[in-house]
Engineer: 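Have a look at this one.
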Amino acid sequence: MHKDDVYKLGMFVATKQRQPWIRGINDCCTLGMEWHDTRFGTETLKQIYGKYNNLKSAIRVAKKINLSQWFIDNGYTQIHDEKVIDGDIVMVRHNRFFFSAYLVLMNQAWGIQDDAKGLSRHQLDTMLEHTIWRI
């Protein structure tokens, strides 16, 4: 990732750090798309933003989206060597319904957990089943 994009990612993470978790607005699913839109000036988040507000509606929306295809359609490649770099999006499977998006910055995975008051840092080596996507 170019140094200007690393700076943009750092600023994005900084602005998200104190934004509370709100299902369908600012959550583990919207984070990756919002970063993509911020970086590239696109509007992919519109396909899920505000379209779910409880667990049942979130599951319904999740079933409609093929995340692997979304990444491919938006120019990402799945990385298999497990060596992440700044700007990678790590998708972690937490349960059978959802993946959570984490943004890699400074060797940390940044994500938002349910009911959190903002983003939190996570060690990459402790991640559950996951995929790494890079553009």
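Position 1 is the first residue of the sequence, and the numbers go up from there. This one's a predicted model, so the numbers in the text were calculated from it and none came from an experiment.
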Engineer: Ignoring hydrogens and angles, tell me if any N or O in the side chain of Asp37 forms a donor-acceptor pair with the backbone of Thr44 under 3.5 Å.
Structural biologist: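 At least one qualifying donor-acceptor pair exists.
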
Engineer: Ignoring hydrogens, what is the shortest heavy-atom contact between Ser100 and Cys28? Give both atom names and the distance.
Structural biologist: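 It is OG-SG, 3.3 Å.
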
Engineer: Roughly how far, to the nearest 0.5 Å, is the CG atom of Leu119 from the CH2 atom of Trp110?
Structural biologist: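 Here the interatomic distance stands at 7.5 Å.
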
Engineer: Nearest heavy-atom pair of Val61 and Lys51: which atoms, and what distance?
Structural biologist: CG2-O, 3.7 Å

Engineer: Is Leu103 linked to Val92 within one hydrophobic cluster, defined over Ile, Leu, Val, Met, Phe, Trp and Tyr using a side-chain heavy-atom separation of less than 4.5 Å?
Structural biologist: no

Engineer: Taking it one step at a time, do Trp133 and His36 satisfy ring pair (Phe, Tyr, Trp, His ring centres under 6.0 Å)?
Structural biologist: CA-CA 12 Å; Trp133 296 90; His36 175 84; over 10 Å; no

Engineer: Are Leu45 and Met91 co-members of a hydrophobic cluster defined by side-chain heavy atoms under 4.5 Å apart?
Structural biologist: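 In one cluster: yes.
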
Engineer: On a heavy-atom basis, which atom in Ile89 and which in Gly32 lie closest, and how many Å separate them?
Structural biologist: CD1-O, 4.0 Å

Engineer: Can you measure from CD1 (Ile112) to CD (Gln17) and round to the nearest 0.5 angstrom?
Structural biologist: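 Between atom CD1 of Ile112 and atom CD of Gln17 there are 10.5 Å.
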
Engineer: Can you check whether Met1's main-chain N or O pairs, donor with acceptor, with Asp5's side chain at less than 3.5 Å?
Structural biologist: no

Engineer: Under 3.5 Å, is there a donor-acceptor pair between the side chain of Asp86 and the main chain of Met106?
Structural biologist: yes

Engineer: To the nearest 0.5 Å, what is the distance between OG1 (Thr30) and OH (Tyr52)?
Structural biologist: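 Reported value, rounded in 0.5 Å steps: 5.5 Å.
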
Engineer: Donor-acceptor pair, Asp27 side chain versus Asp114 backbone, under 3.5 Å?
Structural biologist: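 No; judged by distance alone, with no hydrogens or angles, the pair does not exist.
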
Engineer: According to the interplanar angle, ranging from 0 to 90°, do the rings of Tyr102 and His122 count as parallel (below 30°), tilted (30 to 60°) or perpendicular (above 60°)?
Structural biologist: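 Aromatic pair Tyr102/His122 classed perpendicular.
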
Engineer: Does atom CZ (Arg121) have a neighbourhood of more than 12 heavy atoms from anything else shown, all under 6.0 Å?
Structural biologist: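 Atom CZ in Arg121 is not crowded, with 12 or fewer foreign heavy atoms closer than 6.0 Å.
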
Engineer: Determine whether Phe40 and Ile48 fall in the same hydrophobic cluster, where Ile, Leu, Val, Met, Phe, Trp and Tyr are linked whenever their side-chain heavy atoms lie under 4.5 Å apart.
Structural biologist: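 In one cluster with Phe40: Ile48, yes.
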
Engineer: Is there a path from Ile22 to Val13 through hydrophobic residues (I, L, V, M, F, W, Y) whose side chains come within less than 4.5 Å of each other?
Structural biologist: yes

Engineer: Would you check if Phe12 and Leu31 make a side-chain contact, meaning some heavy-atom pair closer than 4.5 Å?
Structural biologist: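 Yes, side chains in contact.
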
Engineer: Surrounding OH of Tyr7 (heavy atoms of other residues, nucleotides or ligands, distance under 6.0 Å), is the total greater than 12?
Structural biologist: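 Open: at most 12 neighbouring heavy atoms sit under 6.0 Å from OH of Tyr7.
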
Engineer: How long is the span from the OH atom in Tyr49 to the SG atom in Cys29, to the nearest 0.5 Å?
Structural biologist: 14.0 Å

Engineer: Determine the minimum heavy-atom distance between Asn26 and Gln19, stating which atoms define it.
Structural biologist: ND2-O, 3.1 Å

Engineer: For a quick test of reading the model, state the closest non-hydrogen atom pair linking Gly87 to Trp35 and the distance between them.
Structural biologist: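 Shortest heavy-atom separation between Gly87 and Trp35 comes out as O-NE1, 4.3 Å.
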
Engineer: Given side chains that start at C-beta, do those of Met33 and Thr42 come closer than 4.5 Å, heavy atoms only?
Structural biologist: no

Engineer: Could you point out which residue of Thr77, Ile85, Ile79 forms a side-chain contact (heavy atoms from CB on, under 4.5 Å) with Ile132?
Structural biologist: Ile79

Engineer: Could you check whether any side-chain N or O of Asn74 sits under 3.5 Å from a backbone N or O of Phe71, counting only pairs where one atom can act as donor and the other as acceptor?
Structural biologist: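 The answer is no, because no donor-acceptor pair under 3.5 Å joins these two groups.
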
Engineer: If I compare all heavy atoms of Arg39 with all of Lys8, which pair ends up nearest, and what's the gap?
Structural biologist: O-NZ, 3.4 Å

Engineer: Ignoring hydrogens and geometry, is there a side-chain-to-backbone donor-acceptor pair from Gln108 to Val104 under 3.5 Å?
Structural biologist: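 Absent.
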
Engineer: For residues Val90 and Leu9: do they belong to one hydrophobic cluster (side chain heavy atoms under 4.5 Å, members Ile, Leu, Val, Met, Phe, Trp, Tyr)?
Structural biologist: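 Looking at the clustering, Leu9 is in a separate group from Val90.
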
Engineer: When rounded to the nearest 0.5 angstrom, what distance separates CD in Gln78 from CG in Asp88?
Structural biologist: 11.5 Å

